[in-house]
Each structure stands twice: as C-alpha cells, then as structure tokens.
Amino acid sequence: MRNTLTIIGLGRTVRGTPTPSSPVGLFVKRDGLQGFEGLPAGRRESLARALSHGEHDVPVRLPARTMTVDGWIIAHDLDELRKFAMRVRGWGATGERFPLLFDHQRLMLTATVRRISAEAPDTGVRWHRFLRAAFQVQFLAADPRWYGETVNTLPRAGLATAIEVEHDGNFPAHPVIEIPDAPSSYAISSPGGTFSVNGATPGGLHRIDLRNGRVTRDGVWMESVGRGQTWAVPDEKRWPHTLSAPGRVLIQNTYV
C-alpha cells in the first residue's frame with residue numbers, strides 16, 4: 001500500500017517505499033504519517049448553564065490540521081545523504097504558506113500548509129548498499145480541509161440558468177459562479193439562499209466566490225456589489241442552482 005503514496009511540496013517529494021528504479025531519496029517510515037487521514041477532537045467554546053445541569057449547545061468547529069511525516073533518507077553515500085538532509089531542513093523554512101499534495105491510492109488531495117519543524121541529521125548508518133538516516137517534518141494547515149485536484153465545471157459544456165450541483169467529497173464544498181459577459185445586476189439562488197449582484201460593471205467575466213461573497217470582474221474585485229447568503233453544497237446532495245443570467249458553476253471536491 002505504501003508504494004501508492006507520494007507527498008509533494010516546494011519541490012520535495014516523499015514516497016512510500018524505495019523501488020529498483022528509485023532506490024534513494026525521502027521515504028515514509030512504516031506508520032510514519034500522523035494527521036493526514038484524520039483530525040483530533042473538534043474545537044468548541046463551552047458555555048455553562050447558570051444554576052442548571054450541563055452546558056449550552058454550541059457549534060463544534062474543525063481544528064487546524066497538524067501533519068507529521070516520520071521518514072527515512074536513503075542515499076548512495078554521505079555527500080548525497082547530506083544533500084537530502086539539507087533539503088529536508090530547508091523545506092518551508094521561510095514560514096510562507098505553500099500547497100502540499102497528498103497522493104494516496106490514486107486520490108490526489110491538496111492542503112495549504114506552513115512548516116512547523118524539520119529535523120534531519122548529516123550522518124547515517126549503513127543499510128544494505130546504502131546509507132540511511134531518520135528525518136521528521138511537521139506541517140500545520142490552518143484550513144484543515146483537503147481539496148481535490150480538479151475543479152468540476154457544471155454544466156460540462158456551455159452555459160445554463162438551471163444547474164444541478166454536486167461533488168464527490170465528504171464535506172460541504174463552496175461553489176464559484178461564473179457569468180461570462182455579465183449584466184450589471186443578476187441573482188443566484190439555491191437551497192442555501194439567494195445571492196444578488198447589483199450595480200456591477202457589466203461585461204467581462206464575473207466570478208462570485210460563495211466562500212466569502214467576493215465578486216470579481218476579469219480578476220478585479222468589485223467591492224460592495226454583492227449581497228445575500230453564501231453557502232456550501234453538502235456532500236452526497238444535489239442542489240439545484242438558478243441563475244438569472246446564463247453562467248456555470250465551478251466546485252471542488254472537499255474532504256476532511
């Protein structure tokens with residue numbers, strides 16, 4: 001199973017196991033992944049009931065995702081091992097955010113992460129015909145969701161005003177609406193509510209991101225033209241979307 005695993009970020013690649021064609025590099029130890037396929041207990045704000053039993057019912061939110069890779073550096077010689085170790089220690093060392101690709105059993109998922117820590121020695125021990133040394137890297141994804149590799153476009157071709165929207169993830173996914181050659185005013189409706197655009201600059205490609213309600217025209221944000229509810233399409237549901245101007249819906253599989 002580990003042969004089907006690949007983790008890629010900032011030009012670094014960690015694989016499941018060595019192969020005859022790729023015997024050296026960075027590899028995951030057995031049971032060396034934590035936090036990639038599950039989350040700890042949810043985050044909640046407890047609020048006690050005054051003079052009563054229990055607490056008030058409050059929402060439980062997902063925590064940030066902390067991911068740890070415990071692995072092996074395998075190299076032909078000491079110089080190569082040190083080169084791999086330096087790349088591990090420099091992985092995300094600037095503190096900037098970057099996409100981390102998790103490719104496991106033909107399912108490719110991406111999260112945006114920052115590096116927390118990275119440890120790798122400059123020396124190793126003899127292992128068969130190679131040198132081997134342990135390393136560990138830890139990442140933090142403030143947004144704990146994984147996103148599918150492709151963005152699904154609905155309808156598959158052309159434009160429409162009535163569109164059935166669904167996705168294959170296991171967590172609600174926020175759609176993006178595209179209106180080519182858009183008018184100055186239009187509305188989008190779904191079971192999650194209605195979002196209206198009024199007084200926008202007409203023409204060009206309008207994009208409405210229902211994660212935050214931001215409306216852009218040819219990539220330029222138009223402030224204060226969007227009003228209404230925002231929504232995410234639940235997993236295993238098909239939500240009808242009605243557009244007052246012809247357009248299309250883009251939605252990305254979303255997972256936890």
Side-chain angles (χ1 to χ4, degrees), residues 4-16 25-28 32-44 59-71 86-120 135-153 165-178 192 207-216 219-221 226 230-235 249-256:
T4 64
L5 171 67
T6 308
I7 301 167
I8 301 173
L10 289 182
R12 280 76 167 173
T13 300
V14 182
R15 288 174 282 143
L26 307 178
F27 302 93
V28 177
L33 293 180
Q34 296 87 44
F36 281 80
E37 297 178 301
L39 285 169
R43 174 176 54 83
R44 60 185 294 272
V60 176
R61 306 297 186 188
L62 296 179
R65 182 183 295 273
T66 301
M67 296 171 281
T68 304
V69 181
D70 286 300
M86 290 294 184
R87 287 187 60 75
V88 169
R89 295 203 293 268
W91 197 351
T94 63
E96 298 297 321
R97 299 196 311 164
F98 63 93
L100 189 71
L101 175 67
F102 181 65
D103 182 357
H104 187 211
Q105 295 181 339
R106 296 182 295 178
L107 179 62
M108 298 181 68
L109 303 175
T110 301
T112 300
V113 304
R114 297 183 193 269
R115 189 200 81 170
I116 298 175
S117 64
E119 299 181 18
F135 76 89
Q136 184 183 86
V137 185
Q138 191 170 66
F139 305 100
L140 177 72
D143 177 355
R145 290 164 286 196
W146 288 106
Y147 295 96
E149 181 187 22
T150 59
V151 177
N152 301 313
T153 301
V165 179
E166 60 183 340
H167 67 101
D168 293 328
N170 67 351
F171 193 81
H174 294 275
V176 173
I177 314 299
E178 288 191 343
R207 287 173 60 98
I208 304 94
D209 188 341
L210 287 170
R211 180 186 298 272
N212 50 29
R214 177 168 289 197
V215 183
T216 61
V220 178
W221 181 26
T230 58
W231 59 83
V233 177
D235 57 304
V249 178
L250 281 60
I251 192 164
Q252 194 169 19
N253 295 342
T254 303
Y255 303 85
V256 291

Novice: Flag the pair V69 / F36 as yes when at least one side-chain heavy-atom distance between them is below 4.5 Å, and no otherwise.
Specialist: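 With C-beta onward as the side chain, the pair touches.
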Novice: Can you find a heavy atom in the side chain of W231 that is under 4.5 Å from one in the side chain of P172?
Specialist: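 Not in contact.
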Novice: Which atom names give the shortest non-hydrogen contact between R87 and R12, and what distance separates them?
Specialist: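 Heavy atoms only, the tightest pair is O-NE, 3.0 Å.
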Novice: What distance do L250 atom CG and I208 atom CD1 have between them, rounded to the nearest 0.5 Å?
Specialist: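 Going from the CG atom of L250 to the CD1 atom of I208 covers 11.0 Å.
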Novice: Can you check whether V151's main-chain N or O pairs, donor with acceptor, with Q252's side chain at less than 3.5 Å?
Specialist: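 Answer holds: no.
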Novice: Which atom pair, heavy atoms only, marks the closest approach of A111 to A141?
Specialist: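 Smallest interatomic distance, heavy atoms only, reads CB-CB, 4.5 Å.
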Novice: Between atom CG of L101 and atom CG of L109, what is the distance when rounded to the nearest 0.5 Å?
Specialist: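 So the CG of L101 and the CG of L109 are separated by 8.0 Å.
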Novice: Between OG1 of T150 and CE of M108, what distance do you get to the nearest 0.5 Å?
Specialist: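 That separation rounds to 10.0 Å.
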Novice: As an exercise, state the distance from NE2 of H104 to OG1 of T4, rounded to the nearest 0.5 Å.
Specialist: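 Here the interatomic distance stands at 4.0 Å.
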Novice: N170 vs V256, test: side chain to side chain contact (heavy atoms under 4.5 Å, CB included). Steps then yes/no.
Specialist: CA-CA 7 Å; N170 67 351; V256 291; 4.0 Å; yes
Novice: Looking at every non-hydrogen atom in both residues, tell me the closest pair between P175 and A232 and how far apart they are.
Specialist: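 Closest heavy-atom pair between P175 and A232: CD-CA, 4.3 Å.
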Novice: Is there side-chain contact between V233 and V249, with at least one heavy-atom pair below 4.5 Å?
Specialist: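 Heavy-atom side-chain distance check fails, nothing below 4.5 Å.
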Novice: Please answer whether the main-chain N or O of G219 pairs with a side-chain N or O of R207 as donor and acceptor at a distance below 3.5 Å.
Specialist: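 Absent.
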Novice: Check whether D235 reaches the backbone of H167 with its side chain - one donor and one acceptor, N or O, closer than 3.5 Å.
Specialist: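 Side chain of D235 to backbone of H167: no pair is present.
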Novice: Return the minimal non-hydrogen interatomic distance between G226 and V215, and the atom names on each side.
Specialist: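 Where G226 meets V215 most closely, the heavy atoms are CA-CG2, 4.3 Å.
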Novice: Can you tell me how far CD1 of I8 sits from CZ of F102, rounded to the nearest 0.5 angstrom?
Specialist: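 Interatomic distance, F102 CZ to I8 CD1, rounded to 0.5 Å: 12.0 Å.
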Novice: Rounded to the nearest 0.5 Å, what's the gap from CZ on F171 to CG on L62? Could you check?
Specialist: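 Answer rounded to 0.5 Å: 4.5 Å.
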Novice: Answer whether the closest heavy-atom distance between the side chains of R65 and L39 falls below 4.5 Å.
Specialist: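 In short, these two side chains touch, coming nearer than 4.5 Å.
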Novice: Is the closest side-chain heavy-atom distance between T230 and R211 below 4.5 Å?
Specialist: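 With C-beta onward as the side chain, the pair stays apart.
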Novice: R115 side chain to R89 main-chain N or O, any donor-acceptor pair under 3.5 Å?
Specialist: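 Side chain of R115 to backbone of R89, a donor-acceptor pair under 3.5 Å: yes, one is there.
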Novice: Between P144 and A64, what is the shortest heavy-atom contact and its length?
Specialist: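 For P144 versus A64, the nearest heavy atoms are CB-C, 4.3 Å.
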Novice: Is there side-chain contact between V88 and V137, with heavy atoms separated by less than 4.5 Å?
Specialist: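 Contact flag for V88/V137 side chains = yes.
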Novice: Compare all side-chain heavy atoms of L33 with those of V28 and state whether any distance is below 4.5 angstrom.
Specialist: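 Of all side-chain heavy-atom pairs linking V28 with L33, at least one is under 4.5 Å.
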Novice: Can a donor-acceptor pair be found, under 3.5 Å and without considering hydrogens, that links the side chain of N253 to the backbone of D168?
Specialist: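 Present.
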Novice: Are there more than 12 heavy atoms of other residues, nucleotides or ligands under 6.0 Å from atom CZ of R97?
Specialist: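 For R97, atom CZ is not crowded (no more than 12 foreign heavy atoms under 6.0 Å).
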Novice: With the side chain counted from C-beta on, respond yes when F98 and V113 share a heavy-atom pair under 4.5 Å apart, and no when they do not.
Specialist: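 Heavy-atom side-chain distance check passes, below 4.5 Å.
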